[in-house]
Number of protein chains: 2
Amino acid sequence: MMAIDRKVKIIEAAEQSFASFGYKATTMDSVARIANVGKGTIYTFFKNKEELFSEIMGQFIYNLKKVAMGAIHEEDGFFNNLHGALYRVLEFRKEHQLTIKLTQEIKEAGTVQAQEALAKVEDAILDFLQGFIREAMERGEIQTCDPKVTAFVILKLYIALVFDWELRHAPLSSTEIADLFELYLLNGLKKNSD
Amino acid sequence: MMAIDRKVKIIEAAEQSFASFGYKATTMDSVARIANVGKGTIYTFFKNKEELFSEIMGQFIYNLKKVAMGAIHEEDGFFNNLHGALYRVLEFRKEHQLTIKLTQEIKEAGTVQAQEALAKVEDAILDFLQGFIREAMERGEIQTCDPKVTAFVILKLYIALVFDWELRHAPLSSTEIADLFELYLLNGLKKNSD
DNA sequence: AAATGACTAAATTGGTCAAACGGTCAGATT
DNA sequence: AATCTGACCGTTTGACCAATTTAGTCATTT
């Protein structure tokens, strides 16, 4: 009873602290203080700081998957679902400080734990995409292709259009991104024989 | 006479040093030593270290453009030329230590001058691509599209397939990259109505 | 039995100072 | 006289160390 309540409090405190200050700047002392528990209590639930962080990242990835799943509607086609799911996933990452802070920390301090954590997030997204592409292929909605490479290419292209483009130009709206995505990846640049 | 010879020697020494050690670790003393001139002599040709670096990068970009131009053959179509030119450009970057060392330096030390230099290289490539795309569009070889965004997308996709993919998977061969590029960007994933 | 916080070894920080740096210029070299 | 040079100058850098902070433990309290 009390034990579970404490664990939840610790997780909530860690979540808040990692999202606000990143991995390195989050201290076990401060997590204990925010959670209103003794520091030793944290170590009854988590082996060490890395495992506590791992728990928070695991929850984040779980929620990310839920968001992606929630954006998919059977009645919509491959492309609309793909765009919808990807856009929500990237929006979710934007809305929640956690990954933004970790990206910042990697740039500023090169924290290895933050790098590994974001790599896992990317892997989860790639994994989700891969399954989605395989299904579409089996339903005959898209051409035969290697789902792994395709997932990789789609994600890279999406990140390029959403984040990288923004670095040096005016941001593209959701509709613009969808249109560009449709043009480049779905229809292709080739002039249709007409 | 002698003056020009000295300038050439300085440029050669700087080229070698920037490519071997990066921007920060290249000292004006060592450039003078390698070039066999007094340090003061460098400052009769270049205002400061940044301008010397700028000269080297300018030459590099000039050679990059020449390589790209040389890969284009009127008789080939848009796609073959695009792939050929891009592949040679990226190969050229791989062969010459300069940009590799600068990329490394950005990651390890975050040197601003190296960042700006590589941004200029990317801009030069984008500029070249943009013109190439505009021509193909005017000849009716590809669909109407914004050449700027298209150049950006093509470069990002290429870098993703050539470099990023290699970070976590077995490298793709030139033919594989060409095939993937053709599939994703030229034909699109959409199943052709047949 | 569960929770705690004082404790310890290890890591990180901030301050210091000698060494190294970019850039100059009076004098040497041609 | 024109060109080239390296000793020199003020500034920046990074190795070093003491002081602080941190992750993780465990004897004690609740």
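Here is the naming used below: chain letters follow the sequence lines, and residue numbers restart at 1 for every chain.
Atom CG of B:N36 and atom P of D:dT3 are 20 Å apart (whole Å). In this structure, B:R33 atom CZ and D:dC4 atom P are separated by 20 Å, rounded to whole Å. Atoms CD (A:Q113) and P (D:dA23) sit 11 Å apart, rounded to a whole Å. Atom CD1 of A:I10 and atom C1' of C:dT4 are 12 Å apart (whole Å). Whole-Å rounding puts the A:K7 NZ to C:dA3 P distance at 12 Å. Between A:E51 atom CD and D:dG24 atom P the separation is 10 Å, expressed in whole Å. Look at OH on A:Y23: it is 13 Å from C1' on C:dA11, rounded to the nearest Å. Rounding to whole angstrom units, NZ of residue A:K9 and C1' of C:dT4 are separated by 13 Å.
Between the CG atom in A:N36 and the CD1 atom in A:I10 there is a gap of 11.0 Å [rounded to 0.5 Å].
Looking at A:Y158, its side chain does come within 3.5 Å of a backbone N or O of A:H83 through a donor-acceptor pair.
In this structure, A:F132 has its ring center under 6.0 Å from that of A:F78. A ring-centre distance under 6.0 Å is found for B:F92 and B:F60.
Heavy atoms of A:T41 sit under 4.0 angstrom from at least one base atom. Residue contacts for B:S30: at a heavy-atom cut-off of 4.0 Å it reaches no nucleic acid atom on any strand shown.
Side-chain N/O atoms of B:R6 include one lying less than 4.0 angstrom from OP1 or OP2 on D:dC4. An OP1 or OP2 oxygen of D:dT5 is reached within less than 4.0 angstrom by no side-chain nitrogen or oxygen of B:K39.
Residue order along DNA chain C, read from the 5' end via each residue's closest nucleotide, puts A:V37 first among B:G40 and A:V37.
Listed nucleotides: D:dA23, D:dG14, C:dG23. Nearest to the side chain of A:K49: D:dA23. Distance from the side chain of B:M28 is smallest to C:dG22 among D:dA23, D:dG14, C:dG22.
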* **Trace of the side chain to side chain contact (heavy atoms under 4.5 Å, CB included) decision for B:V153 with A:L180** => CA-CA 9 Å; B:V153 164; A:L180 289 170; over 6 Å; no
